[in-house]
Amino acid sequence: MKNTIRRFVPVDSLDIAAMESWLSDLAEDGLFLVSFGAYFAHFESRPPRKAAYRLEPASSLYMTPDEKKLEFLDEFGWEYVDSVDKFFHVFRAKTEDAPEIHTDPAVQADAYEKLYRSQRNWGIPYVLVSVVFLYLTIFTEKPGFFNIALLRLSHTLYGLYMIAVAVLGVRHFLRLRKIKNLLKTGTPLSHSADYKRKRPLRLAACIFILLLFTVTFLSYTFGMIVQWDADWRELSEPIPMVSLAEIEQDAGFINGHIDDAHTTYVGGDADNEIRFDRSFLVPQQTTITQSGYVPGRLWAEDGEPYESTLAISIYHLRYPSMGGRFVESQMNWELSDLMPWDTIDLSAETGLDEAYLCVSGKYSNALKKLFLRQGDTIVYVSYFGEADLRPFVPQFAALMQETYPTRKPQ
């Protein structure tokens, strides 16, 4: 392949007349097809001559033509060159007067019917999965879609990539059906069309798909390189946080679980860990979770053993202008409509850009959420316990100025 010449494919394979015209024109310029790639075709230089090309539908996706068909068409004056887009096999006429492969559109329609069914069998499930993904992402998660997109940019981009591929798949599917139905009416396929005016649109579509795929891959990889978690209780150096023990203000408080012997966690204690993650738009995401209990203490409401939890998330955004929208989306996501919430605006009291303390009455005011923002930094706190969070708001706000490890501590 080192001596071949590459050319960008200006049309997709289902634009059959334009594809055949392009290949024939290049043959007259002395370039003869060798193979197809995703976006480029490879040619070898020979003395120019007129050479017709024909695209024959594959009987099944990814399948090469059977030997009997190859031998028959070779004797008929057509040589097999390569397959393109897993839909078609490309044949080139050996001589200028080679007879047409098909003279009966109805017979040709049968071959397209097989390809149509084959593509339908894998294409429809893929499109349905993409539609379900789109529905779940945008409609069922609509309140918090903005911050989910920022925190998991790679997931969002991958969703867009799936949707783009699904749209192209539907377009191909409909065009294939149109060709099949046209042949069934007895109308023969044209072998000549203007491919030059279609080149810019094809190029733009290919660049868009490649860029979307590349950015998705880089975003996912960039985030995964520095993603880690660790049990904060086992770190040699303490990390900045507001201690759950300090909030509970009970000398008997123990970090852990009431029945650790019968509590199984995969990869450690997820309720007592520090986790670091990142995305392009939120390059620093640190979450510290704490859980603990006081031996013998019971919940005031129902008399069950008391065990409280605290989760602190600190987000540093790449662009401060996204901060207000991020907090709004985070609140919409975290404050369930199924619970009554009392929201206290502490912005003026704290001097922060935004500060909201939200208390749910469903569990005797045990569930509390705190949202703080100053510029490009957001602190989100979720606490389940009987203590009052308000006296600790300044300490949570101070976490915005702290530095957290981006690599897992050794």
Side-chain angles (χ1 to χ4, degrees), residues 232-233 235 237-258 271-275 285-316 323-324 326-328 330-336 339-404:
W232 59 265
R233 297 169 300 182
L235 300 181
E237 296 183 7
I239 57 171
M241 67 181 187
V242 178
S243 169
L244 180 57
E246 183 181 359
I247 291 176
E248 294 299 336
Q249 297 183 350
D250 193 311
F253 181 84
I254 300 174
N255 276 116
H257 301 276
I258 295 176
D271 292 332
N272 284 284
E273 72 172 8
I274 175 173
R275 176 181 296 272
Q285 307 171 30
T286 303
T287 298
I288 306 162
T289 54
Q290 302 174 60
S291 177
Y293 65 100
V294 176
R297 181 176 172 180
L298 305 176
W299 286 96
E301 178 69 16
D302 55 19
E304 292 293 321
Y306 181 83
E307 185 170 6
S308 57
T309 59
L310 178 68
I312 309 169
S313 297
I314 303 100
Y315 304 113
H316 290 279
F326 184 94
V327 171
E328 178 186 358
Q330 185 84 353
M331 291 180 69
N332 288 336
W333 175 260
E334 299 292 348
L335 303 180
S336 170
M339 297 184 185
W341 290 94
D342 294 326
T343 301
I344 306 170
D345 190 342
L346 303 175
S347 303
E349 176 183 319
T350 60
L352 299 175
D353 291 339
E354 293 182 88
Y356 306 100
L357 176 61
C358 305
V359 181
S360 171
K362 186 170 184 179
Y363 298 105
S364 300
N365 300 325
L367 183 58
K368 307 170 183 70
K369 295 180 182 289
L370 183 64
F371 303 86
L372 309 175
R373 181 179 72 85
Q374 185 67 26
D376 63 352
T377 306
I378 292 97
V379 171
Y380 163 62
V381 179
S382 179
Y383 168 68
F384 188 69
E386 295 178 339
D388 183 8
L389 276 190
R390 190 159 180 169
F392 300 95
V393 170
Q395 292 176 242
F396 286 116
L399 296 178
M400 296 181 179
Q401 311 301 324
E402 298 289 352
T403 301
Y404 292 89

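Throughout, residue positions are numbered sequentially from 1 according to the sequence presented. Please read all numbers here as calculations on a predicted model, not as lab measurements.
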Engineer: Check for a donor-acceptor pair, side chain of Lys368 on one end and backbone N or O of Ala387 on the other, with a separation under 3.5 Å.
Structural biologist: yes
Engineer: Among residues at least two apart in sequence or on other chains, which ones pass ring-ring contact (aromatic ring centres under 6.0 Å, His included) with Phe392?
Structural biologist: none
Engineer: Over all heavy atoms of both residues, which pair between Glu354 and Gly323 is shortest? Give the atoms and the distance, please.
Structural biologist: OE2-O, 4.4 Å
Engineer: Measuring only between side-chain heavy atoms, which start at C-beta, is Leu372 closer than 4.5 Å to Thr350?
Structural biologist: no
Engineer: Examine the side chains of Glu334 and Ser382 and answer whether a donor and an acceptor come within less than 3.5 Å of each other.
Structural biologist: no
Engineer: Going through the checks in order, is the ring-ring contact (aromatic ring centres under 6.0 Å, His included) test met by Trp299 and Phe384?
Structural biologist: CA-CA 11 Å; Trp299 286 96; Phe384 188 69; 5.1 Å; yes
Engineer: Decide yes or no on side-chain contact (heavy atoms from CB on, under 4.5 Å) for Trp232 and Asn255, but give the supporting numbers first.
Structural biologist: CA-CA 11 Å; Trp232 59 265; Asn255 276 116; 3.5 Å; yes
Engineer: For Ile314 and Val379, work out which heavy atoms get closest and say how close.
Structural biologist: CG1-CG2, 4.1 Å
Engineer: Output the distance between atom OH (Tyr293) and atom CG (Leu244), rounded to the nearest 0.5 Å.
Structural biologist: 13.0 Å
Engineer: Measure the spacing between CZ of Arg233 and CD of Glu273 and express it to the nearest 0.5 Å.
Structural biologist: 10.0 Å
Engineer: Just to verify, what does Pro394 make a side-chain contact (heavy atoms from CB on, under 4.5 Å) with, not counting sequence neighbours?
Structural biologist: none
Engineer: Donor-acceptor check, side chain of Tyr404 to backbone of Ile239, threshold 3.5 angstrom: yes or no?
Structural biologist: no
Engineer: Identify the two heavy atoms, one from Gly252 and one from Pro295, that lie closest to each other, and give their separation to 0.1 Å.
Structural biologist: O-CD, 3.3 Å
Engineer: When rounded to the nearest 0.5 angstrom, what distance separates OH in Tyr315 from CZ in Arg373?
Structural biologist: 15.0 Å
Engineer: Which atom names give the shortest non-hydrogen contact between Thr287 and Ser313, and what distance separates them?
Structural biologist: OG1-OG, 3.0 Å
Engineer: Excluding sequence neighbours, so at least two apart, what forms side-chain contact (heavy atoms from CB on, under 4.5 Å) with Ser291?
Structural biologist: His257, Asp271, Asn272, Glu307, Thr309
Engineer: Please check this pair: side chain of Tyr306 against backbone of Glu386, looking for a donor-acceptor N/O pair closer than 3.5 Å.
Structural biologist: yes
Engineer: Working to the nearest 0.5 angstrom, can you tell me the gap between Ile247 CD1 and Leu310 CG?
Structural biologist: 4.5 Å
Engineer: Give me the atom names and distance for the closest heavy-atom approach of Thr343 to Cys358.
Structural biologist: OG1-SG, 3.5 Å
Engineer: Go through the steps for Glu349 and Val393 under the test side-chain contact (heavy atoms from CB on, under 4.5 Å), then give the verdict.
Structural biologist: CA-CA 10 Å; Glu349 176 183 319; Val393 170; over 6 Å; no
Engineer: Between CD of Glu402 and CE of Met241, what distance do you get to the nearest 0.5 Å?
Structural biologist: 12.0 Å
Engineer: Using modelled atom types and a 3.5 Å cut-off, is there a donor and acceptor pairing between side-chain atoms of Gln290 and backbone atoms of Ala245?
Structural biologist: no
Engineer: For the CG atom of Leu389 and the CG atom of Leu346, what is their distance to the nearest 0.5 Å?
Structural biologist: 10.5 Å
Engineer: Search all heavy atoms of Asp345 against all heavy atoms of Ala355 and return the closest pair with its distance.
Structural biologist: OD1-O, 3.3 Å
Engineer: What residues, two or more places apart in sequence or in another chain, satisfy ring-ring contact (aromatic ring centres under 6.0 Å, His included) together with Phe371?
Structural biologist: Tyr380
Engineer: Tell me whether Thr289 contacts the main-chain N or O of Ala311 through its side chain, where contact means a donor paired with an acceptor under 3.5 Å.
Structural biologist: no
Engineer: Looking at residues at least two apart in the chain, or sitting in another chain, which of them share a side-chain contact (heavy atoms from CB on, under 4.5 Å) with Val294?
Structural biologist: Asp250, Phe253, Arg297
Engineer: With sequence neighbours excluded, what pairs up with Gln374 under the side-chain contact (heavy atoms from CB on, under 4.5 Å) test?
Structural biologist: Leu352, Asp353, Met400
Engineer: Verify, without hydrogens or angle tests, whether Lys369 (side chain) and Tyr356 (backbone) share a donor-acceptor contact under 3.5 angstrom.
Structural biologist: no
